[in-house]
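The next block holds one structure in the form of structure tokens; read it before the comments.
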Amino acid sequence: MNTGVKKVAAIHDLSGFGRSSLSAIIPILSTMGIQVCSLPTAVLSTHTGGFKNYSFVDLTDSMKNYIDHWKSLKIDFDSIYSGFLGSPEQIDIISDFIDFFKTDSNFVVIDPVMADEGALYSTMDYKMVEKMRTFIKKADIITPNFTETCYLLDEKYHDFPDVSKIKSMAKSLSDMGPEIVIITSVPEDRENKKTSVIAYNSNDNRYWKVSSNYIPAFYPGTGDIFTSIIVGSLLQGDSLPIALDRSVNFITTGIRASYGYDYPKREGILLEKVLGSLNLPVFSSSYEMI
Ligand code: PXL
């Protein structure tokens, strides 16, 4: 029965403290009127960015039974969205999940969560990078940050790549399978400390860019927030550049709402203060076609 509420299969870890992965994705997509069906890959006490001694339970062994039950329920997802994985072996399990649940009318988003700021996260290794290169072929849309883009293409991390280089990297990733490639956290301008998001859509061969003024602070979880808004926005019928604008605007608003408070950045942006803005019309639009 069509209830008018769209469903996303969200394949990510649950980190109890720190506003990343499912702790951010569920409130964002719920606020956007979309049902999140969680398929947890791991349970951690906190995310791994900036915390030490976190507990980590890898759920690889329980995912098969979990998915078998969903298969028996024949759930029809409008999108399948995967992110942080607990082990490289999970890629085979999730590939099978996609083969079963992918239809002509839904879309698959893979956020190849592995690295940031030039380095792999502490639970990631080269086996994950290698398997991720194969896994992204299954996606309609991928959202690597610039560091992950370098790992996926086996290229050296550059500090300030020029736009033509990023465009060719996005095209190379798209040639591996995904129709749309969105590269986040691209260092843009040393003087003005700007970062940008650059996207390539192979369906119409167009490239888009949204720049954001960099506030000198690094908050974990912003990649998950970014991609969940892309998923929600596309499910609501927005075009790709408007979805990019909505995500960048929301993160900028979230960082501005948080930066004035003196608390550990590792706790993430103060999502609870700004969630309501997801339901406001987009007033300022700054995308460019490049
Ligand atoms: O935000 C990406 C992410 C997701 N899940 C876990 C993480 C990170 C990044 O550090 O540690 C557990």
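Every number for a ligand or one of its atoms is a count from 1 in the order of the listing. As the structure is a prediction and not an experimental result, all values here were calculated from the model.
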Return the closest protein heavy atom for atom 8 (C) of ligand 1 as residue, atom name and distance. Phe84 CD1, 4.1 Å

Working to the nearest 0.5 angstrom, can you tell me the gap between Lys138 NZ and Ile91 CD1? 11.5 Å

Can you name the atoms of ligand 1, numbered from 1 with element, that are less than 4.0 Å from a heavy atom of Ser15? 12 (C)

Strictly under 6.0 Å, is that where the ring centroids of Tyr219 and Tyr259 end up? no

Show the atoms of ligand 1 that are less than 4.0 angstrom away from any heavy atom in Tyr121. 9 (C), 10 (O)

Provide the number and element of each atom of ligand 1 under 4.0 Å from a heavy atom of Leu44. 12 (C)

Measure from atom 7 (C) of ligand 1 to every heavy atom in Met114, Arg19, His47 and give the option owning the shortest one. His47

Looking only at non-hydrogen atoms, which of Thr48, Val43, Asp111 approaches atom 10 (O) of ligand 1 most closely? Thr48

Residue-ligand contact Pro220/ligand 1, heavy atom below 4.0 Å: no

Per-residue contact class, Asp13 against ligand 1 - non-hydrogen pairs under 4.0 Å: side chain

Quick one: does Glu148's side chain have a donor or acceptor within less than 3.5 Å of a partner on Ala115's backbone? yes

Pair Asp175, Lys171 - check salt bridge (charged side-chain N to carboxylate O under 4.0 Å, His left out), show working. CA-CA 6 Å; Asp175 289 344; Lys171 170 87 172 60; 3.0 Å; yes

Are Tyr81 and His12 near enough that their ring centres are under 6.0 Å apart? yes

Ring geometry between Phe77 and Trp70 (parallel below 30°, tilted from 30 to 60°, perpendicular above 60°): tilted

Between Asp116 and ligand 1, which residue portion shows a heavy-atom distance shorter than 4.0 Å: side chain, backbone, both, or neither? neither

Dump the intermediate steps for salt bridge (charged side-chain N to carboxylate O under 4.0 Å, His left out) on Asp224 and Arg19, then the final yes or no. CA-CA 9 Å; Asp224 302 320; Arg19 299 187 183 90; over 6 Å; no

Report the nearest protein non-hydrogen atom to atom 1 (O) of ligand 1: residue, atom name, distance rounded to 0.1 Å. Asp224 OD2, 2.7 Å

